[in-house]
Amino acid sequence: MPKLSPGFYQQEDVVALARQLLGKQLYTCVNGVLTGGIIVETEAYNGITDKASHAYGNRYTSRTAPMYQAGGIAYVYLCYGIHYLFNVVTGRENNPQAVLIRGIEPLEGKEIMLERRNMTRVLPRITAGPGALAKALGIDKQLNAKILTGNEIWIEDSTISHHDSQIVASPRIGVAYAQEHAFLPWRFYVKGNPYVSKLNR
DNA sequence: GTGCGGATGAACT
DNA sequence: GTTCATCCGCACT
């Protein structure tokens, strides 16, 4: 399938875009090795007014800088000193929105994913959760700020179209510090898919 | 320069 | 359900 175009990423409604990313296919080609899967879980981070966003209050630092670029690039950062988390930057330049990819269903390069994850067979935890899928796809800070229409990391369109009844909207994970914004239903996932992290929320 | 804590996951009890 | 690995971004001095 064709890669998603800059116009897709530059939509202004990051919450709607997070919903639309479900079913699309995320690929990486790291060290010449292709891996990829179907996006089944996302979270929207809504710019400078969202207390859970790294760009809350228009915070601009070397880490958050990629979020301020025009939509269509990667924002990868290290969390808890251990895990890399991959986000899709969205919206216009200087509107720092992003969608965190939290779960994918493996499609391509499963053997490589098993190696990277130190596993012997494909279990859901291989790519369920943002840290897990980043490791399986070989995503680290080397891919930070890379354009998503390039040949290292990209997202392809899909014929998969989920009916609203198959999609769950729920509060985001791990953002209790965001106070009133912690309860916004800006997490989206495919109902019943085993590659969704923390299914019972 | 220092100190705090986090958009997690795995291995425990 | 609880603990902990392990780093650096960020705020403040």
Side-chain angles (χ1 to χ4, degrees), chain A residues 9 14-15 17-19 21-22 26 37 39-69 71 73-91 95-106 113-145 148 153 155 168-189 193-201:
Chain A
Y9 295 110
V14 68
V15 176
L17 202 150
R19 160 72 176 77
L21 278 171
L22 295 177
L26 172 64
I39 297 171
V40 298
E41 180 182 357
T42 61
E43 280 179 3
Y45 286 86
N46 190 12
I48 64 175
T49 60
D50 176 4
K51 288 186 179 178
S53 167
H54 291 163
Y56 175 63
N58 220 21
R59 183 166 43 206
Y60 183 92
T61 67
S62 57
R63 181 176 66 149
T64 64
M67 291 184 72
Y68 287 79
Q69 292 188 224
I73 65 167
Y75 170 45
V76 180
Y77 74 96
L78 183 64
C79 187
Y80 295 104
I82 305 168
H83 306 287
Y84 287 101
L85 271 57
F86 166 69
N87 295 255
V88 176
V89 174
T90 73
N95 186 2
Q97 302 173 326
V99 176
L100 173 66
I101 306 302
R102 293 191 52 93
I104 67 167
E105 180 174 333
M113 294 193 204
L114 287 169
E115 257 177 58
R116 286 175 177 155
R117 297 282 289 123
N118 231 321
M119 296 169 64
T120 52
R121 59 197 190 92
V122 175
L123 303 173
R125 68 180 176 85
I126 193 172
T127 50
L133 76 87
K135 191 167 186 197
L137 294 182
I139 294 171
D140 63 16
K141 62 185 176 186
Q142 297 293 112
L143 292 179
N144 187 220
L148 295 175
I153 183 165
I155 301 175
V168 180
S170 79
R172 295 172 292 180
I173 303 294
V175 297
Y177 60 86
Q179 303 168 45
E180 72 273 21
H181 296 165
F183 304 104
L184 295 168
W186 287 355
R187 171 182 182 232
F188 298 93
Y189 62 87
N193 188 288
Y195 296 92
V196 172
S197 69
K198 308 188 187 193
L199 246 187
N200 33 341
R201 282 197 52 174

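A quick note: this is a predicted structure, and the numbers were derived from the prediction, not measured.
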- Side chain of A:R125 only, please: which of B:dT8, C:dG9, B:dA10 is the nearest?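 Selected nucleotide (nearest to the side chain): B:dA10.
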
Measure [atom1]/[X] against [atom2]/[N] and give the value in whole Å, please.
| X | N | atom1 | atom2 | answer |
| --- | --- | --- | --- | --- |
| A:E41 | B:dT8 | CD | C1' | 12 Å |
| A:N118 | C:dA5 | CG | C1' | 16 Å |
| A:Y177 | C:dC10 | OH | P | 12 Å |
| A:L123 | B:dA11 | CG | P | 12 Å |
| A:I173 | B:dG6 | CD1 | P | 15 Å |
| A:E43 | B:dG6 | CD | P | 15 Å |
| A:Y56 | C:dA11 | OH | P | 13 Å |
| A:M119 | B:dA11 | CE | C1' | 15 Å |

Give a yes or no on whether the backbone of [Y] and the side-chain of [X] come within a donor-acceptor separation of less than 3.5 Å.
| X | Y | result |
| --- | --- | --- |
| A:N144 | A:V76 | yes |
| A:E41 | A:S197 | yes |
| A:N58 | A:I48 | no |
| A:R59 | A:H54 | yes |

Would you please confirm or rule out a distance under 4.0 Å between OP1 or OP2 of [N] and any side-chain N or O of [X]?
| X | N | result |
| --- | --- | --- |
| A:R187 | B:dA7 | no |
| A:H54 | B:dA7 | yes |
| A:R117 | B:dA10 | yes |
| A:T61 | C:dC10 | yes |
| A:R102 | B:dT8 | yes |

- Message: Using a 6.0 Å cut-off, check whether atom OH of A:Y177 has over 12 heavy atoms from anything other than its own residue.
- Response: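 Atom OH in A:Y177 is crowded, with more than 12 foreign heavy atoms closer than 6.0 Å.
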
- Item | Sorted by number, the residues of residues 74-84 of chain A with heavy-atom contact under 4.0 Å to DNA chain B |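 Those residues are A:Y77, A:Y80, A:G81, A:H83.
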
- Query: Does C:dC12 pair with anything, Watson-Crick or G-U wobble, both distances under 3.5 Å, and if so, with which nucleotide?
  - Reply: B:dG1

- C:dT2 - base-pair partner by Watson-Crick or wobble geometry, distances under 3.5 Å: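 Checking every strand shown, C:dT2 finds its partner in B:dA11, with both distances under 3.5 Å.
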
- Task: Describe the nucleic acid contact of A:A52 in one word from base, sugar-phosphate, nothing, applying a heavy-atom distance below 4.0 Å.
- Result: base

- Using the benzene-type ring in the case of Trp, are the ring centres of A:Y77 and A:Y84 under 6.0 Å apart?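 No, ring centres 6.0 Å or more apart.
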
- So does A:E43 pair up with A:R172, basic N to acidic O under 4.0 Å? no

